[in-house]
Amino acid sequence: MKNQHDSFFSQVYEVARLIPRGRVTSYGAIAKYLGTARSARMVGWAMNNAGNIRPKVPAHRVVNRTGLLTGKHHFGSPEKMKELLERENIKTKKDQVQQFKKVFWDPSVELNIED
DNA sequence: CGATTGACGTACG
DNA sequence: TCGTACGCCAATC
């Protein structure tokens with residue numbers, strides 16, 4: 001089987017790994033950064049493989065644009081994702097990231113710092 | 001091989 | 001402001 005070295009998925013994993021600790025981002029932000037803003041769903045689908053690839057991808061730092069832990073069910077247990085976020089000093093309430101706007105990390109901005 | 005689904009997001013009413 | 005509809009593209013049934 002071919003390696004997904006340059007696949008869209010790998011690019012998602014790469015960006016996801018660049019997410020600083022204590023910060024979160026959205027599927028759309030990653031998709032937009034990759035130039036596929038309309039394919040935000042593909043980012044989520046890519047995350048499905050996140051736990052299937054190496055190195056492991058901090059998918060728990062990736063939430064939807066509302067800051068809601070939509071993918072909590074894919075971590076084996078909803079508490080897992082919440083715990084991981086708490087571990088990053090990220091506060092959550094009812095699957096909703098508190099101060100989401102504050103901890104939000106936009107790759108299209110952080111990785112495109114112009115002079 | 002065709003239809004449905006999905007860890008999303010934007011547009012429209 | 002909130003609810004519904006649609007688009008994207010890959011995987012699954």
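Each chain gets a letter, A, B and so on, in the order its sequence line appears, and its residues count up from 1.
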Open item on the list: Closer than 4.0 angstrom, basic N to acidic O: yes or no for A/Lys82 and A/Asp95?
Closed with: no
Task: Check: A/Ser26 side chain, A/Asn64 main-chain N or O, donor-acceptor pair, under 3.5 Å - done: no
Task: Side chain of A/Asn64 - closest among B/dA7, C/dC8, B/dC8 - done: B/dC8
Enumerate all atom pairs, one protein N or O and one N or O from nucleotides 3-6 of chain C, separated by less than 3.5 Å.
none

Task: Qualifying ring pair (Phe, Tyr, Trp, His ring centres under 6.0 Å) pairs, either residue in residues 34-92 of chain A, two or more places apart - done: none
Task: Whole-Å gap separating P (B/dG6) and CZ (A/Arg38) - done: 24 Å
- [ ] Have a look at A/Thr36 and say if it touches a base, only the backbone sugar-phosphate, or nothing, with a 4.0 Å heavy-atom cut-off.
- [x] nothing
TODO: In whole angstrom, give the distance that lies between atom CD1 of A/Ile30 and atom C1' of C/dC9.
DONE: 17 Å
Open item on the list: Closer than 4.0 angstrom, basic N to acidic O: yes or no for A/Glu88 and A/Arg61?
Closed with: yes
- [ ] Could you work out which one of B/dG6, B/dC8, B/dA7 sits closest to the side chain of A/Met42?
- [x] B/dG6
Open item on the list: For the backbone of A/Tyr27 and the side chain of A/Arg41, can you confirm whether one donor and one acceptor N or O come within less than 3.5 Å of each other?
Closed with: no
- [ ] For A/Ala59, report the nucleic acid contact type (base, sugar-phosphate, nothing); a contact means any heavy atom under 4.0 Å.
- [x] base
- [ ] Determine the Euclidean distance between corresponding C1' atoms of C/dG3 and B/dA7; express it in Å to zero decimal places.
- [x] 22 Å
- [ ] Round to the nearest Å and state the distance from A/Phe104 atom CZ to B/dC8 atom C1'.
- [x] 13 Å
- [ ] Check whether any side-chain heavy atom of A/Asp106 lies under 4.5 Å from a side-chain heavy atom of A/Phe104, and answer yes or no.
- [x] yes
Task: Nearest-angstrom distance from the residue atom CG of A/Asn49 to C1' of C/dC9 - done: 14 Å
Task: Short side-chain N/O contact to B/dC8 OP1/OP2 from A/Thr70, under 4.0 Å - done: yes
